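Only one structure is covered here, and it is reproduced in the block below.
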Amino acid sequence: MSQLYVGSEVGQLKRVMLHRPERALNHLTPSNYKDLLFDDVLAVERAGEEHDQFAQTLRDQGVEVLLLHDLLAQTLEVPEAKAWLLNTQVGEYRLGYQFAHDVRSYLKSLSNEELAHILLGGLSYIDFPNHSASMMQAMHERMDFIIDPLPNHLFTRDTSCWVYGGVSLNPMAMPARQRETNHLRAIYRWHPLFAGQDFITYLGDEHRDYDNAMVEGGDVLVIGNGAVLVGMSERTTPQGVEALARSLFTHGQAKEVIAINLPKHRSCMHLDTVMTHMDIDTFSVYPQVMRKDLQSWRLINKGNGDVEVKEADYFLHAIEKALELPQLNIITTGGDSFEAEREQWNDANNVLTVRPGVVIGYEGNVYTNEKYDKAGITVLPIPGDQLGRGRGGARCMSCPIEREGL
Ligand SMILES: NC(=O)NCCC[C@H](N)C(=O)O
């Protein structure tokens, strides 16, 4: 079996992709952080240090950490990949014929390291050192962006997600994140770690308009036993879930997809902000989504890519059935209702499981972490004062590409 395989949420994690926040956070200001889907500006150095502690915690657990910046810079070494990225990320319809040409000429003069920094972190008109004869340069303010920064690359979970023997290259819901997917498309197509390897691309391989079929990886939980749990959240749509399910079934990678209709608001932007899998039978869940009237469906593989859709009575029962467990062990967010709401907002439920019963989570969520501890779950704490301002925790900040099954 290919090593590019994610068999579950809780089996031994072996290899993961992270993105150490860098240039894009320098471009995050009080005037743009909302459009860029952050809740504040960050102390950039401190955010980097917090991220280093996250990466080191993973390495200490024997997990190999790949960094997105390095993968992108190495992909740019491949001439075809570089040409494709420059054409798609710095396109003529985005910047105009003349200006796109001038910006690409400048970018080609840089090292691939510097180019990766700019593609990920953005380029403002102040940073562009050349004179262009286009109207664009004359018509923009110095702090406008030629290439928008992509600070949400920090959340590698969402842009692409591995499910059993393949990866979904996700059509992202928010304009601020849509260009991220092209970086992953190039990496999986051309980087020597992935090019020519035996894996499936379920969805989103092409750079095109996927219309309403949106999927973000924070909504996709590989719960094991041939099942996948997907949240239809602020971001992932039923059309996206159906497209993913069809592809999973056509490739014989899953027996069943359980889809949950989540509330559509920011604190619940992805399934993993309210629910994660911590041990074979144990989930962390925010109590407000444990309502029996939350709609859920089972999409069942009928063979040849055919999908049977059945309404489920209660999503937790559907999970028990899929995992062949008599009863799930649910740990809810800690503290009273106020504390639970605050800790959920600060990603107390968004933990990254390293192996069954061992998770990485933000140290500040004291009430929830205490509950995990009492339930026999080991929490490896990481700081998140700065990182948490992007509204994502350890699971959001990681894209497993190799993990054992149940
Ligand atoms: N899986 C996740 O919940 N990821 C967190 C994404 C946070 C990011 N600022 C966003 O709004 O997309």
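Both ligands and their constituent atoms are indexed starting at 1 by order of listing. No experiment lies behind these values; they were computed from the predicted model shown.
Arg104 forms no cation-pi arrangement with Tyr106, by the criterion of a distance under 6.0 Å to the ring centre and an angle within 45° of the ring axis.
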Using a 3.5 Å cut-off on N/O to N/O, what pairs does ligand 1 make with the protein? A line per pair would be great.
residue: ligand 1; atom: 1 (N); partner: Asp158; partner atom: OD1; Å: 2.9
residue: ligand 1; atom: 1 (N); partner: His270; partner atom: ND1; Å: 3.2
residue: ligand 1; atom: 1 (N); partner: Asp272; partner atom: OD1; Å: 3.0
residue: ligand 1; atom: 1 (N); partner: Asp272; partner atom: OD2; Å: 3.3
residue: ligand 1; atom: 3 (O); partner: His270; partner atom: ND1; Å: 2.7
residue: ligand 1; atom: 3 (O); partner: Asp272; partner atom: OD1; Å: 3.3
residue: ligand 1; atom: 4 (N); partner: Asp158; partner atom: OD2; Å: 2.9
residue: ligand 1; atom: 4 (N); partner: His270; partner atom: ND1; Å: 3.4
residue: ligand 1; atom: 9 (N); partner: Leu37; partner atom: O; Å: 2.8
residue: ligand 1; atom: 9 (N); partner: Asn152; partner atom: OD1; Å: 2.7
residue: ligand 1; atom: 9 (N); partner: Gly390; partner atom: O; Å: 2.8
residue: ligand 1; atom: 11 (O); partner: Arg235; partner atom: NH2; Å: 2.8
residue: ligand 1; atom: 11 (O); partner: Arg266; partner atom: NH1; Å: 3.3
residue: ligand 1; atom: 12 (O); partner: Arg177; partner atom: NH1; Å: 2.9
residue: ligand 1; atom: 12 (O); partner: Arg235; partner atom: NH1; Å: 3.0
residue: ligand 1; atom: 12 (O); partner: Arg235; partner atom: NH2; Å: 3.4

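If you run salt bridge (Lys or Arg N to Asp or Glu O under 4.0 Å) between Glu404 and each of Lys14, Arg355, Arg15, only Lys14 comes through.
Considering only residues two or more places apart in sequence or on other chains, Gln56 meets the side-chain hydrogen bond (donor to acceptor under 3.5 Å, both in side chains) condition with Asp60. Judged as a ring-ring contact (aromatic ring centres under 6.0 Å, His included), and not counting sequence neighbours, the contacts of His117 are His69.
Not less than 6.0 angstrom separates the ring centroid of Phe315 from the ring centroid of Trp297.
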Kindly list each side-chain donor-acceptor pair under 3.5 angstrom involving residues 167-175, sequence neighbours excluded, with atom names and distances?
residue: Ser168; atom: OG; partner: Asn170; partner atom: OD1; Å: 2.6
residue: Asn170; atom: ND2; partner: Asp158; partner atom: O; Å: 2.8

